[in-house]
Amino acid sequence: MRHDPPFDILRLAAETRQAAVSDPFGSPALALALLLSRRMDDGGLSRAELAQLLRDLGQSAFRDRAARLREAVGVVPIAETDQALTALATRIARPDPQDSPVRFAAFAVAAERPRAAAVFTAHPTFSLPPVTNKALAAMASGGPAPTEVLPLRPDVPTLAMEFAQAAEAIIHARDALDRMAGAFLKVARDFWPDRWLRLEPRPVILASWVGYDTDGRTDIGWQDTLRLRLSMKRMQLERLKLQLDPLEEETTGPLRQRVDEALLAVDEQIAACPPSGPTEPMAVRDFAHKLVGLREAALVTPVPLLDLFESAIAEAADEETRMALCVARAGLAAHGLSLAGTHVRLNAAQLHNAARLHFAEIGGDPADPARRRATFAAVNEALQHVKPEPVDMGGLMAEQASALRLIMTVTQIAKHVDASQPVRFLIAETESGLTLLIALLLARLCGVEEHLEISPLFETAEALEHRGERVVEEALRSPAWRDYLRKLGRLCLQFGYSDSGRYVGQVQASQLIERLKLRVADLLDRYGLGDLEVVLFDTHGEGLGRAGHPDGLAARLDYLDPPAVRAAFAAHDTPVRLETSFQGSDGYLNFGTPELAQATIARIAEHAFAPVEADSDPVYAEGGFANDLFAGARAAMSALVDDPGYAALLGAIGTALLDRTGSRPAARQSDSGGPNVIRHVRELRAIPNNAVLQQLGFLATLTHGMGDGASREPDTFADLLRRSPRFRNAMAFVRAALRCSDPDVLRGYVASLDPGMWLDRAAHTRRAGRPAALMRVARALEDLGLTDPTRRVLRRLLADDIRLRGAWPKEGGYVAPAMSDRLFALHALRLCLIHRIWLIAVEMPDFSPRHSVTREGLVQRLLRLDVEGAADVFDAVFPVVEPAGASLDFAEPPTPRHGGYGREHEEITEPLRELFAMVREVSAVVTLECDAFG
């Protein structure tokens, strides 16, 4: 039964905001927060009723989020998506309906070259519990709304949870790929009935780094990577078994028997793999014997299975069986002995450290200009003479250099798990071509060069604007690197928006990435490598969610792979593969059900086969304004990042608003307990940085700096929005960010940190005893010293926001973006909760210093909303229960027992925890409103 709220908070939000239109000195967010607080004081709104009101808002946000997801992916009944894929395959087979079909060989080339990949990654974006995520996906697929209230706050994810959610999404994606393969095979059968059985369509493939990404993570050991990679192998074999089970046994008997044999062997290998944590040598030895001893039974290449597929297809009695076998074979050919391809990742610094340990001639800082040429010469010399060394489990267990340990792990995968598929080796923070050459050197040392796709990751502002092109060219100057690329057949590059986005702005980063891709196309042509395949892997990082776009998945793919980039590579006859990441549960939602997965794969395939046309977008033809706009916005964002007030704003209470959505906290903890004071945004990780801005109601990384340039030439700005698809596609992020942002909301948070606001409240309150409490909050906030820096940065943000909203066109189909009343009400409700927490905090009784904290220190922690930690300390200082053994007979009349500090617990820690739980609940609903975490 739906709860009847004590009042209509959305109506109050609308009325409060409307009243503020004619009152430039008003603060509607604070006004609504104060109204809620007074209702609580007067008994008209209990904490339980407030919690119910919040649940109602959360459920309505949940339903709207599901509807937006459905629209973004383009979900329709699976049969309709099948028709769309059939139409796509037919267009490839016969581009002109009035003409004859293309030759079968041309169709096979088009269908069998992977043109796109969906990569499943596990950054900390697990913003909903798994059960709620499933319900959201089901509702987006056309299912009914949940009949029960589902939890919205996330569970703290573990590696096992991340892997399980990724595997479920990948299984749905593989099912969708099978349906796409079936569509291509049926079209081929219609056009070439005598040749279609040879076709192995795989224009879209899958990959994953879940369990293999060790950049910044310490919870993934080499044995975890091997165990999870073996699990992916097992799931591929189990998938084959399920595909073969319905088919006639006479035809598939030998194939089934070989799959069953491999499954039994892999099960033994997984069971023998050492658990997480420190390894025992005997356990590693036993695992090594299983891995090596059972490698042939477990298979290390799908070739034996593919040969058996050929026999089964030839012997199949009917066409339906042949079709099913061809579909299963295509999935095996595309992904080898794994449910998805394998990406591993680490940091460039780890590679350089490993090289210094193993090659004495390679030392010093790679950025040192005095040694630059000598170091390059030394690495190129080493590449000519290095000989592969044996790699065994003992050496892997003993290796201390994390980079070499990871390459040795890949070596073991190639030798004993799957030799058929290369492993992508992603290197974060690559800022020198030397890094790529060192990776190649270590790969040769381990004898795994031919199985490793070495890929730099460009995501810092410096890498995108200046160093990225130089990194690629420095590596291309090396004959060893060019030979390696020719043997591999492709150049792999990764682009990220995380660090660049928070330092120069998300939309601005998109322009820099596009420019870098265009330069790479020219570089390859210059070095005679234009015929290489180029893999462009975009890992996102926008402040509105990984792999998300306000206008849907098709727009997202156009945003990552704009026409100018497609045209540039086509002009050099360079084949391109577009790879895009789907991160955490937010990204996995795109594959949360068969319907969502099928629609997502269809959108990716449609983009991959979209015709390449000469680009005439006015943003390029008349690029002066756009270049100035983005350059100015980059400068403005860089200045904002270096403003101490910006760090103060993000760090004051922002990180405390976030539940853990990944394996790492948003910021490091201090030695004395509680969060460290954040002095620069670099001390915040990129995803929490974006998430904090969402929670403060002002998405600066998407909007700041745009206002100044747009207001200088508003007519040109409006004209480009109307005429330029590329500019409009990028500005969609700005538009959506403005809808999640409100200056009055941000002003409410900043004003709450200002002692003056609390003194004003003290002067006007009529509630007995309240002035003293309000003044105590004011004094405590004074000690934080956040007023001046946060108000200064607020003025900077508001000035640009006023310009941007003023320049935004309000006619011709455009609407000035504005925050919804529901999102506004959520922020006001949370302000009320925060204020109540602080009023309770200053009522804390005094105590002598203990547990390394004083009363004043505990109050300061509560002002920064470190409620859970502070409440635990308070409980230790004022225990609720008597000491153990207090009821025993001690041979004398007992001293009266007072039962601990029950009253303090009831009046302070219990309401603190309850109110803070609602603060975090608001954060979960705000995440739903913004469509993703960070």
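Below, all heavy atoms of this structure are taken into account, side chains as well, without hydrogens, waters or symmetry copies. Quantities reported herein were computed from a predicted structural model and do not represent experimental measurements.
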**Message:** Test your reading of the model: is there a side-chain donor-acceptor pair from Asp224 to the backbone of Gly221, 3.5 Å cut-off?
**Reply:** yes
**Asked** So do the side chains of Leu346 and Leu351 get within less than 4.5 Å of each other, counting heavy atoms only?
**Response** yes
**Request:** May I ask you to check whether Phe495 and Phe537 place their ring centres under 6.0 Å from each other?
**Result:** no
**Prompt:** Between Lys387 and Glu389, is there a side-chain N and carboxylate O pair less than 4.0 Å apart?
**Reply:** no
**Asked** Rounded to the nearest 0.5 Å, how far apart are CG of Asp215 and CG of Leu426?
**Response** 9.5 Å
**Request:** Indicate the atoms forming the closest heavy-atom contact of Ala316 with Thr321, along with that distance.
**Result:** CB-CG2, 3.9 Å
**Request:** Could you tell me whether the side chain of Thr342 reaches within less than 4.5 Å of the side chain of Arg229, counting heavy atoms only?
**Result:** yes
**Request:** Taking the side chain as every heavy atom from C-beta outward, state whether Leu291 and Met393 have any pair of such atoms under 4.5 Å apart.
**Result:** yes
**Request:** Evaluate the side-chain hydrogen bond (donor to acceptor under 3.5 Å, both in side chains) criterion for residues Thr86 and Gln83: first the C-alpha distance (whole Å), next the side-chain angles of each, then the deciding distance (0.1 Å), finally the verdict.
**Result:** CA-CA 5 Å; Thr86 299; Gln83 292 173 5; over 6 Å; no
**Asked** Atom CZ of Arg486 and atom CG of Leu488: how far apart are they, to the nearest 0.5 Å?
**Response** 13.0 Å
**Asked** Is a donor on one side and an acceptor on the other found under 3.5 Å between the side chain of Thr574 and the backbone of Ala570?
**Response** no
**Asked** Do the side chains of Trp481 and Leu383 get nearer than 4.5 Å, heavy atoms only?
**Response** no
**Asked** Short question: side chain of Ser455, backbone of Cys492 - any donor-acceptor pair under 3.5 Å?
**Response** yes
**Message:** Using salt bridge (Lys or Arg N to Asp or Glu O under 4.0 Å), reason through Lys517 and Asp561 one step at a time and then give a plain yes or no.
**Reply:** CA-CA 10 Å; Lys517 290 175 180 177; Asp561 189 33; 5.8 Å; no
**Approximate separation, where rounding is to 0.5 Å, of His416 NE2 and Phe287 CZ** = 9.0 Å
**Prompt:** Could you give the distance from CZ (Arg189) to CG (Leu197), rounded to the nearest 0.5 Å?
**Reply:** 10.0 Å
**Tyr212 ring center within less than 6.0 Å of Trp209 ring center** = no
**Item:** Verdict with supporting geometry, Val417 and Val300, side-chain contact (heavy atoms from CB on, under 4.5 Å)
**Value:** CA-CA 5 Å; Val417 181; Val300 290; over 6 Å; no
**Message:** Go through it in stages, so that I can follow the logic: the residues are Leu306 and Glu310, the test is side-chain contact (heavy atoms from CB on, under 4.5 Å), and I'd like the CA-CA distance, side-chain angles, deciding distance and then a yes or no.
**Reply:** CA-CA 6 Å; Leu306 292 171; Glu310 293 298 321; 5.9 Å; no
**Request:** Please test Glu200 against Arg202 for salt bridge (Lys or Arg N to Asp or Glu O under 4.0 Å), starting from the C-alpha separation and ending with a verdict.
**Result:** CA-CA 6 Å; Glu200 296 176 352; Arg202 48 184 183 272; 3.3 Å; yes
**Prompt:** Atom CG in Asp175, atom OG1 in Thr593: separation rounded to 0.5 Å?
**Reply:** 11.0 Å
**Request:** Give the C-alpha distance, both sets of side-chain angles, the deciding distance and a yes or no for salt bridge (Lys or Arg N to Asp or Glu O under 4.0 Å) between Asp82 and Arg179.
**Result:** CA-CA 7 Å; Asp82 285 341; Arg179 298 185 76 90; 2.4 Å; yes
**Prompt:** Do Gln421 and Ser338 have side-chain heavy atoms sitting under 4.5 Å apart?
**Reply:** no
**Prompt:** Between Pro275 and Gln223, what is the shortest heavy-atom contact and its length?
**Reply:** O-NE2, 3.0 Å
**Asked** Can you find a heavy atom in the side chain of Ile220 that is under 4.5 Å from one in the side chain of Ser276?
**Response** no
**Message:** Quick check: do Trp222 and Val284 have side-chain heavy atoms less than 4.5 Å from each other?
**Reply:** yes
**Request:** Could you tell me whether a side-chain N or O of Thr121 sits under 3.5 Å from a main-chain N or O of Thr539, the two making a donor and an acceptor?
**Result:** no
**Asked** Take atom CD in Gln257; do more than 12 heavy atoms of anything else shown fall under 6.0 Å from it?
**Response** no
**Asked** Is there a donor-acceptor pair closer than 3.5 Å between any side-chain N or O of His343 and the backbone N or O of Ala207?
**Response** no
**Prompt:** Can you tell which of Val266, Leu337, Leu339 makes a side-chain contact (heavy atoms from CB on, under 4.5 Å) with Arg234?
**Reply:** Val266
**Asked** Between Arg405 and Glu399, does a salt bridge (Lys or Arg N to Asp or Glu O under 4.0 Å) hold up when you go through it step by step?
**Response** CA-CA 6 Å; Arg405 188 167 60 241; Glu399 180 58 51; over 6 Å; no
**side-chain hydrogen bond (donor to acceptor under 3.5 Å, both in side chains) assessment of Gln243 paired with Asp178** = CA-CA 11 Å; Gln243 289 172 312; Asp178 282 353; 3.0 Å; yes
**Request:** Apply the test side-chain contact (heavy atoms from CB on, under 4.5 Å) to residues Leu237 and Leu305: give CA-CA distance (whole Å), side-chain angles for both, the deciding distance (0.1 Å), then the verdict.
**Result:** CA-CA 10 Å; Leu237 292 169; Leu305 296 179; 4.3 Å; yes
**Item:** Thr409 and Gln412: side chain donor to acceptor below 3.5 Å
**Value:** no
**Asked** Taking the inter-plane angle between the rings of Phe582 and Phe120 on a 0 to 90° scale, is it parallel (under 30°), tilted (30 to 60°) or perpendicular (over 60°)?
**Response** tilted
**Asked** Short question: side chain of Arg91, backbone of Asp96 - any donor-acceptor pair under 3.5 Å?
**Response** no
**Glu449 vs His451 side-chain heavy atoms within contact, under 4.5 Å** = no
**Item:** Main-chain N/O of Val210 paired to Ser208 side chain as donor or acceptor, under 3.5 Å
**Value:** yes
**Complete:** Residues Leu452 and Ala443: closest non-hydrogen pair is CD2-CB, 3.7 Å
**Message:** Can you give me the closest heavy-atom contact between Pro302 and Gly336, atom names plus distance?
**Reply:** CG-CA, 4.2 Å
**Lys415, NZ atom: more than 12 neighbouring heavy atoms under 6.0 Å** = yes
**Request:** Kindly say whether Gly530 contributes a backbone atom to a donor-acceptor pair with the side chain of His572 at under 3.5 angstrom?
**Result:** no
**Request:** State, without any angle test, whether Gln236 and Lys233 hold a side-chain donor-acceptor pair at a distance under 3.5 Å.
**Result:** no
**Asked** Looking only at heavy atoms, which two atoms of Pro575 and Leu532 are closest? And how far apart?
**Response** CD-O, 3.6 Å
**Request:** Take Glu315 and Glu250 through the test side-chain contact (heavy atoms from CB on, under 4.5 Å) and record every step on the way to the result.
**Result:** CA-CA 9 Å; Glu315 296 170 9; Glu250 296 81 3; over 6 Å; no
**Message:** For Val73 versus Ala599, what's the shortest heavy-atom pair and its separation?
**Reply:** CG1-CB, 3.6 Å
**Asked** Does the separation of the ring centres of Phe191 and Phe107 fall below 6.0 angstrom?
**Response** no
**Asked** Does a salt bridge link Arg258 with Glu261, judged by any charged N lying under 4.0 Å from a carboxylate O?
**Response** yes
**Prompt:** Quick one: does Arg329's side chain have a donor or acceptor within less than 3.5 Å of a partner on Phe309's backbone?
**Reply:** no
**Request:** To the nearest 0.5 angstrom, please state how far the CE atom of Met180 sits from the OG1 atom of Thr81.
**Result:** 12.5 Å
**Donor-acceptor contact present, side-chain Asn590 to main-chain Gly587, <3.5 Å** = yes
